[in-house]
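Okay, so here's the structure we're looking at.
The shown structure was predicted, so the numbers you read here are calculated from the model rather than taken from an experiment. Only this structure's heavy atoms are used, side chains among them; waters, hydrogens and symmetry mates stay out. Naming: A, B, ... by sequence-line order, numbering from 1 per chain.
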2 protein chains.
Amino acid sequence: MDVAIFTVRQQQLSVLLVQRPNTPDEPFPGLWALPGGFVDIDRDRDLEACALRKLRDKTAVTSPYLEQLGSWGSKDRDPRGWSTTHAYFALIPDAGTPEAGANAADAAWNPITGNGVTVKLAFDHREILETAIDRLRSKVEYTSLPVYLLPTEFTMTELQRMFEIVLGREVEKSAFRTRVFSADFIEPVPRMREGQQRPAQLYRLQRSSGVVFFPRTFSPRGHR
Amino acid sequence: MDVAIFTVRQQQLSVLLVQRPNTPDEPFPGLWALPGGFVDIDRDRDLEACALRKLRDKTAVTSPYLEQLGSWGSKDRDPRGWSTTHAYFALIPDAGTPEAGANAADAAWNPITGNGVTVKLAFDHREILETAIDRLRSKVEYTSLPVYLLPTEFTMTELQRMFEIVLGREVEKSAFRTRVFSADFIEPVPRMREGQQRPAQLYRLQRSSGVVFFPRTFSPRGHR
DNA sequence: CTAACTAAGTTGCACAGTACCCCTAATGTG
DNA sequence: CACATTAGGGGTACTGTGCAACTTAGTTAG
């Protein structure tokens with residue numbers, strides 16, 4: 001079980017990695033890897049519960065976006081022999097830093113550059129991470145996923161910025177607003193008083209509104 | 001490892017099921033289930049190779065559409081205790097009947113009605129099958145998946161019929177043709193001679209053309 | 001204080017892709 | 001022969017988006 005936990009910190013899409021123990025009898029000593037471990041058949045009701053537990057161990061985030069990414073199994077991925085792993089990916093707001101977690105001394109956020117990360121990864125985690133990034137970018141083209149990268153209240157511009165950071169390109173402000181409003185999954189936060197710090201309207205996710213699918217992908221004119 | 005193998009027979013979306021042995025020491029004796037079994041770490045390089053082997057055992061189909069569906073693991077799905085399975089789903093043309101396969105005496109095609117099948121299924125296979133059907137219907141809204149339900153040569157009307165059978169509703173002929181042609185993943189088969197049996201133009205999948213994603217989903221006017 | 005600047009939010013037009021309705025030609029059927 | 005059926009395509013309206021220009025309000029520099 002491995003979990004690719006994404007957030008956006010300092011305007012960069014980043015993934016949480018942990019350092020493997022440096023004991024030479026463990027595979028890939030000292031390398032970085034996606035946080036994970038074995039399923040605990042006493043504590044974990046099912047696979048998703050196990051992924052949630054791994055996430056809470058590292059970040060103290062309770063209700064992230066969590067999706068099963070896929071499974072990898074072959075006789076090559078672990079030097080000890082045939083092995084299998086279930087991979088999940090999660091989106092959390094910036095607040096949930098690894099420092100806030102429990103046993104997170106060995107954890108660090110790594111910014112995504114291109115299709116992966118600059119450090120070398122253990123096992124087949126480079127491939128798993130690349131699949132996770134592909135899936136994330138692909139779904140951001142036609143779903144509302146990036147709301148889960150923001151705190152509960154946010155401005156329209158901040159939401160747009162999340163889309164742009166994940167996609168790695170700019171999107172049109174006007175078309176973006178039309179798209180988001182007609183999908184009807186966020187609601188404006190009532191303005192408290194006139195003398196507000198921020199001039200921009202705050203929004204929040206509507207209660208019991210899941211991931212929204214837009215009828216079209218983003219598609220700049222020159223694309224095809 | 002379980003595989004949901006779909007085809008369209010007699011104008012109905014159908015899934016291949018196998019009957020479990022009737023010995024009382026096996027779980028769910030006599031019930032129907034998705035074809036599957038344990039990974040053979042000597043023969044199977046990886047998970048996909050294992051799924052392909054299961055498919056060939058039952059259908060003698062060599063190059064289907066095959067996609068990883070997900071994994072299910074919990075302490076409830078098997079009465080013998082915590083267990084895990086990897087599920088794949090496959091699309092094959094009608095030609096690959098189970099009778100053509102090797103050890104397929106216990107296999108049968110079951111038509112899909114609504115979200116599942118009429119017979120009772122073993123383990124959590126009802127849930128897995130429902131997930132497979134959901135995924136299939138969802139992807140047919142915006143991809144070219146149904147070509148894999150047809151033989152190598154087919155008419156435009158037959159292709160449209162595949163979309164309609166999977167989706168369970170009719171689609172507009174004219175819009176369908178525009179959509180398919182502009183996606184440019186099939187090519188016309190040169191007409192052999194004038195005195196052809198069929199009046200309709202035959203098409204085939206372009207070589208090395210994978211699954212095509214359309215820029216929009218089907219979306220009848222009254223929808224929202 | 002005023003001017004320049006910046007960010008929030010709106011408006012208008014063009015265009016791609018689709019829904020829907022209608023037409024034509026060719027073939028099959030009594 | 002008349003008639004029904006089917007392949008194939010045309011025309012129009014509409015939705016969602018790309019793109020650019022604009023207004024308004026708050027912020028900053030001088």
Side-chain angles (χ1 to χ4, degrees), chain A residues 11 140-144 150 153-165 167 169-204 212-224, chain B residues 11 140-144 146 150 153-164 167 169-204 212-224:
Chain A
Q11 309 286 313
V140 168
E141 292 280 355
Y142 60 94
T143 70
S144 63
L150 289 168
E153 299 195 350
F154 49 86
T155 68
M156 193 57 61
T157 311
E158 287 166 352
L159 180 58
Q160 183 177 348
R161 206 70 81 203
M162 289 299 112
F163 277 82
E164 291 174 336
I165 288 172
L167 291 177
R169 68 167 194 268
E170 297 188 343
V171 302
E172 275 301 318
K173 181 173 52 169
S174 177
F176 179 79
R177 298 176 91 91
T178 312
R179 166 191 279 241
V180 167
F181 283 138
S182 70
D184 192 39
F185 63 101
I186 60 175
E187 58 186 11
V189 177
R191 289 181 184 265
M192 285 313 180
R193 52 173 178 274
E194 295 302 314
Q196 209 174 6
Q197 293 102 321
R198 294 214 247 193
Q201 173 67 50
L202 287 177
Y203 296 90
R204 63 179 168 222
V212 171
F213 288 74
F214 302 119
R216 295 188 46 174
T217 59
F218 289 107
S219 52
R221 278 280 156 75
H223 250 227
R224 280 249 69 168
Chain B
Q11 309 286 314
V140 167
E141 291 280 355
Y142 60 95
T143 70
S144 63
L150 288 169
E153 299 193 350
F154 48 86
T155 68
M156 192 58 60
T157 311
E158 286 166 352
L159 180 58
Q160 183 178 347
R161 206 71 80 201
M162 289 300 112
F163 276 83
E164 291 174 338
L167 291 176
R169 68 167 194 268
E170 297 188 345
V171 302
E172 275 300 319
K173 182 172 52 168
S174 182
F176 179 78
R177 299 176 89 92
T178 314
R179 166 190 278 241
V180 167
F181 284 137
S182 69
D184 191 39
F185 63 101
I186 59 176
E187 60 186 9
V189 176
R191 290 181 184 267
M192 284 312 179
R193 53 172 179 275
E194 297 301 314
Q196 210 176 7
Q197 293 101 319
R198 293 213 247 193
Q201 174 67 49
L202 286 177
Y203 295 90
R204 64 180 168 221
V212 171
F213 288 75
F214 302 119
R216 295 189 46 174
T217 58
F218 288 107
S219 52
R221 280 278 157 77
H223 250 225
R224 282 249 67 168

Mutual orientation of the aromatic rings belonging to A:Phe163 and A:Phe218 [parallel < 30°, tilted 30-60°, perpendicular > 60°]: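 The arrangement is perpendicular - the two ring planes meet at more than 60°.
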
Where the side chain of [X] is concerned, which of [options] is the nearest nucleotide?
X	options	value
A:Thr178	D:dA20, D:dT17, C:dG9	D:dT17
A:Ala200	C:dA8, C:dA19, D:dG8	C:dA8
A:Pro215	D:dG16, D:dG8, D:dA7	D:dG16

Holding to ring-ring contact (aromatic ring centres under 6.0 Å, His included), I want the full list of residues that pass it with B:Phe185, two or more places apart in sequence or in another chain.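 In terms of ring-ring contact (aromatic ring centres under 6.0 Å, His included), with neighbours along the sequence ignored, B:Phe185 is linked to no residue.
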
Taking ring-ring contact (aromatic ring centres under 6.0 Å, His included) as the definition, give me every residue that meets it alongside A:Phe214, ordered by chain and number, with sequence neighbours left out. none

Counterpart residues, side-chain hydrogen bond (donor to acceptor under 3.5 Å, both in side chains), relative to B:Arg204 (two or more places apart): B:Glu187

B:Glu141 meets the side-chain hydrogen bond (donor to acceptor under 3.5 Å, both in side chains) criterion, sequence neighbours left out, with B:Arg169

Would you kindly give the [atom1]-to-[atom2] distance between [X] and [N], to the nearest whole Å?
X	N	atom1	atom2	result
B:Gln201	D:dT6	CD	C1'	15 Å
B:Arg169	C:dC20	CZ	P	10 Å
B:Phe176	D:dT6	CZ	P	17 Å
A:Glu141	D:dG16	CD	P	18 Å
A:Arg179	C:dT10	CZ	P	18 Å
A:Arg216	D:dT17	CZ	C1'	5 Å
B:Glu170	C:dC20	CD	P	11 Å
A:Glu172	C:dC15	CD	C1'	14 Å

If the cut-off is 4.0 Å, is A:Thr157 near the phosphate of C:dA8, judged by side-chain N/O to OP1 or OP2?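 So the side-chain polar atoms of A:Thr157 do come within 4.0 Å of the phosphate oxygens OP1 or OP2 of C:dA8, strictly under.
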
Would you give the length of the straight line joining atom [atom1] of [X] to atom [atom2] of [Y], rounded to the nearest 0.5 angstrom?
X	Y	atom1	atom2	value
A:Arg161	A:Glu164	CZ	CD	5.5 Å
A:Leu159	A:Arg177	CG	CZ	10.0 Å
B:Thr178	B:Phe176	OG1	CZ	10.5 Å

Mind listing the N/O atom pairs, protein and nucleotides 9-12 of chain D, below 3.5 Å?
from: D:dG10; atom 1: O6; to: B:Ser174; atom 2: OG; distance (Å): 2.9

Give me, pair by pair, the N or O atoms of the protein and of nucleotides 4-6 of chain C that are less than 3.5 Å apart, along with how far apart they are.
none

Between A:Arg161 and B:Phe214, which has a closest nucleotide on DNA chain C that is more 5'?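 Residue closer to the 5' terminus by nearest nucleotide: A:Arg161.
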
Trace of the ring pair (Phe, Tyr, Trp, His ring centres under 6.0 Å) decision for A:Phe154 with A:Tyr203: CA-CA 5 Å; A:Phe154 49 86; A:Tyr203 296 90; 7.1 Å; no

